[in-house]
Structures are given as C-alpha cells and as structure tokens.
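Have a look at the structure below, then the notes.
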Amino acid sequence: MKKIRIFFHSIEEAFKSVFRNASLSIASISCIAITLILVAVSVILSYNVNSFTSDIEKDVTIVAFLDKEVTQEQIDEIKTKITNLNNIASIEFQSKQQLIDEMKEENADLENILNQYTEETNPLQDTYLVKVENIETIGKTAEEIENIEGVSIVKYGEGMVEDLVNVFDVVKNITYIVVIGLVLVTAFLISNTIKITIQTRKRQIEIMRLVGASNSFIKIPFFFEGLLLGALGSIIPIIACCYGYMYLYERFNGQLFTPIIKLVNPDLIIFNIIFFVIAIGVVVGALGSYRAVRRYLKI
Amino acid sequence: MNLIELKNVYKQYSNGVTALCDVSIEISKGEFVFVIGKTASGKSTLIKLLYRQEKPSKGGVFVGGINVAKLKNRKVYKLRRKLGIVFQDYKLLPNLTVYENVAFALEIYGLRSDEVRQKVMKALEKVGLKEKFKSYPDQLSGGEQQRVSIARAIVNEPKILICDEPTGNLDPKTSLEIMEIINKINEEGTTVIMATHDKEIVNKYRKRVITIEKGILVSDKEKGGYFNEKD
C-alpha cells in the first residue's frame, strides 16, 4: 500500500513540478518540439525515398528470349520452370507476333519494313517478361532462367541495374543515417534542456537526500516529469507534420513534379509517424531526465 | 551500548588538508554533546561524518548500528532516516509553506495524508510554530525558520538529532530560544550532538563538551565549558 502511495506521489509530483517550473517546462517542451519536427520530417522523407526507389526497382524486368523453334508445349513447360524458381514476382508471355504488332504501332517507317515479314519469316523471338522480388539477386535469377532448355538469351539491363541498386542503397543508407543522427541530436538536446531544469532544483534534491529519501524515490518523479515533457513536446510536431504532409499530398495530387515520383499515401504512414515521434519524445525525455538527476545524487 | 562511536578516525581531504587525526569518541543514548572548536578546527567534518556527508579516510564511524564508513552512496538514506539534521542555513525550500517543508520529510515513507498531518502539526507544536503553518519561509524571522528546520528534523521522531551550528546566524536571545527547544527534545530522550562556537550557550547549559583543535580531540569533559574557561 505504501509503495502504491509512493508511486502515485511520484506521478503527482511530476505533474506539479511541470506547472511549478512553468517557464523552464515551456523551454523544454519547445526544444523537444523543434527537434521532433526535424525527426518527423526526415522520417517522412525517408519513407518517400524508400517508396520511390522500390517503385523503380519493381519496374526492372528480365526479358527471356526463347529459341525460334520452340513448340507451344515447350513454351508452357518453360513457364512452369521459371515460375518454380525463387525470387519470381510475376511472369508474362509476349509472342513474336505481339512484338511485331507493337513495333508497327510505335513507328510508321518500321511498319512498312515489318509488313514484309509473314508469321513464318518473323525474325523476332517469343519472350517471357519476368519481374523479380529482390532486385539485388536479379543476376542470379537471370542466369537460372538462361540455363532452362529452350531459352536462348536473357537480358535485364546488366550493369545498369546493378549501378541503380548501388545508388539506391547509398541513398537509403544516407536517409537512415540522417534519421538516426537526428534522433541522437534530439536525445542530446532534450537531456541537456532537462539538465538545466534540474540544476535549479539542486537544493531540493540535496534536502531530499538529507531527510532520508532513497535515490529511486528522488529519481522516479524526474523520470515521469521527463516522460511528460517528452509527450507534451511531441504534440505539436505530430499535428504539424501529419496535417502538413496530408495537405502536401492533396495539393500535389500524390506526386512530386512528375508522375514517376509518387508520394506515399499519408494513410499508410501517419500512424507509424505518430508512434515514432511519441516514442522518441517519451523515451528520450524520461531517460534524459533520469540520467540528468543522477549526478545530483552524490551529495 | 553506544549509539555513536568513532574509532581512530582520520579524515584527509583530496587537497591534502587533514581535518581529523585519530579521533575516538563514544556517545550513549540520551546524551547531549557539544562539539566545539575554532573555525577550520575539524568540528564540521566530524559532524559531516556522522550523517555521511563525508567518509572517513581511516577508522570506523558507527551510528545507530550502521558502519558509516562502509555505507554505499545509494544506501545512505537508511542512515539518514535514523537521524534528524539541523543546519546553520536552515535548508528550507522557499516555494513550499512551513507545513509542506516539514511534511516533505515524511513523503518518503508513503504515509496516509491524515497521518502526515497529525505528525507535522505535532512537530510544529513542539517548536511553537503551529499557527504559522501556512506561511512561506521568507515571511518568517531567522529564529522561526530555524524552528521549522528543527520541526522537519524531529517530525519522524529520530533517535539522534545532529545540529551543525544551529544558532550561527541568530542573535543571542533567539539563540537561547532555539537552544531551549533543542534541550527539550533531548530531555524527551533524543540524543543530541551539536557543533557550535557559541560560548554563552555552551557555558550556560553545562553539557558534555568535546573540543577539537586542528583536527585533534583535545578534551572531552562532562559538564564542560567553552575552552575550559570556567572549569
């Protein structure tokens, strides 16, 4: 019972002290809010960069050209073999006749030349268009397809795709580093602000120690106070970033300058962002405050 | 059995100053002991060892059965709950009322609010400040602030009351009033150790007097006086 009373006392003290030291609390909350806005913006950016790169990666296709003499039976067999491989997202057949028709549609000059060919003399080959699940192992998958009997040659933009994957990896890593860096900066700023708040209460902590308060009795209210400051500090960033992003998404019709750069639908990421921002605010606030009070417990 | 015992205590600060040198003292339950000495004689260090503000460099300090020298920082509260401590500068929190300042010392025990109220009012009555429980420290005189500080020290009914120059900031008349309160607390059974250099008080009350000079215990007399002037 006594422990429960002490626990509720800690929470009550935390609330009281946020109001009692109003000006310092406002300073802490503002500092937390500003840094969390940066964190939220960088998280939104990181989501969009990731979505953009994976959209592009999804468009990369392996074209498997089949031998000229393949029968319909073999075509079906090849499809089964490809589908049975790992890393296959989708497969689509394109006959040489379809190809010729497409080429004719695209270019009027070509149409005249291509009209000379009949179905038997068509120089093109039937193809399978294969999309992969993981672009990083596309080379291996292409090789496996090439080894299937009846497949003559395989193309997927070798070299260019690998370069693209590397560039995207670098971009993704940079966004992760920026997010982590900002989280660390936030942690540092929050715990420093709380340190200043606590410095003014050095005397209070000293007297608590002298009248026989245990270290945890002194620390727990500060823990809750930091938690509260973190939670209060995350309200503005959440409102600003969520509404701001939803507004941008509507304003630009879900794309940035060109249809290639699609923005991530806010509905899909907003709860993650809210959770992320509150979690960082609360955890960093509570731990920062807890750590800051420790140095005054050696009196 | 001795309530407080110092065995061959040495205290050297990190700057090389030796504050105490081979000091041994035994204090039994219910005693009233003055610790006197000039400024920088080591008497404050002696008092600080008792509530583990400082640790001895060598020797043993036992307070209420606790070996203070071996007490870990995070266990210090166990010692301090057995003690009441009164300081020269009162150490009150200016943003709390008299009542809250005294109740502050009880919060750590998780008592019910009616228990807290009863104990706080009892302590304030003992020091004669029951009527001013709603005042803030800056609305009180020095003597009254020291009384609040005494009430906070005794609210938990400790066995030992440690006073570090409690009258140092007060005029002679107020000092005597404060001494009366401390003496009364002692008569009710609490052991009192009081560091002071107030000649008048020491000579008036005729208690056990321990004299420290340059870190050495030079005299320990029952019913002593200030620097043995009237002995």
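Here is how names work: the chains are called A, B, and so on, in the same order as the sequence lines, proteins then strands, and each is numbered from 1.
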Checklist entry - Is atom OH of A/Tyr245 surrounded by more than 12 heavy atoms (other residues, nucleotides or ligands) closer than 6.0 Å? => result yes
Item to check | Contacts of type side chain to side chain donor-acceptor pair (under 3.5 Å), residue A/Gln204, not counting sequence neighbours | outcome: none
Item to check | More than 12 heavy atoms of other groups within 6.0 Å of B/Lys7 NZ | outcome: no
Next on the checklist: For the backbone of B/Gly110 and the side chain of A/Arg5, can you confirm whether one donor and one acceptor N or O come within less than 3.5 Å of each other?
Outcome noted: yes
Checklist entry - Is the CZ atom of A/Arg291 crowded by more than 12 outside heavy atoms at less than 6.0 Å? => result no
Checklist entry - Given that the side chain runs from C-beta out, which part of B/Arg152 has a heavy atom under 4.5 Å from chain A: side chain, backbone, both or neither? => result side chain
Next on the checklist: Can you confirm whether more than 12 heavy atoms, excluding those of A/Asn192, are under 6.0 Å from its CG atom?
Outcome noted: yes
Next on the checklist: Is there a side-chain contact (heavy atoms from CB on, under 4.5 Å) between A/Leu210 and B/Tyr51? Walk through the geometry before answering.
Outcome noted: CA-CA 8 Å; A/Leu210 288 172; B/Tyr51 61 90; 3.8 Å; yes
Next on the checklist: Within a 6.0 Å radius of atom CD on B/Glu188, are there more than 12 heavy atoms belonging to other residues, nucleotides or ligands?
Outcome noted: yes
Item to check | A/Val211/B/Arg81 under side-chain contact (heavy atoms from CB on, under 4.5 Å): CA gap, chis, key distance, verdict | outcome: CA-CA 7 Å; A/Val211 300; B/Arg81 286 185 184 188; over 6 Å; no
Checklist entry - Which atom pair, heavy atoms only, marks the closest approach of A/Ala213 to B/Tyr77? => result O-CB, 3.6 Å
Item to check | For the student: nearest non-hydrogen atoms of B/Tyr109 and A/Ile6, plus distance | outcome: C-CD1, 4.2 Å
Table please: side-chain donor-acceptor pairs of residues 127-140 of chain B below 3.5 Å, with sequence neighbours left out.
from	atom 1	to	atom 2	distance (Å)
B/Lys132	NZ	B/Glu144	OE2	2.8
B/Ser135	OG	B/Lys132	O	3.3
B/Gln139	OE1	B/Tyr136	N	2.8

Item to check | Pairs involving residues 11-20 of chain A, ordered by first then second residue, that meet salt bridge (Lys or Arg N to Asp or Glu O under 4.0 Å) (sequence neighbours left out) | outcome: A/Glu12-A/Lys16, A/Glu13-A/Lys16
Next on the checklist: Once rounded to the nearest 0.5 Å, what's the spacing between atom CZ of B/Arg80 and atom CZ of A/Arg209?
Outcome noted: 5.5 Å
Checklist outcome for this item: Within residues 84-95 of chain B, contacts to chain A at heavy-atom distances under 4.5 Å involve B/Ile85, B/Phe87, B/Asp89, B/Lys91, B/Leu92, B/Leu93, B/Asn95
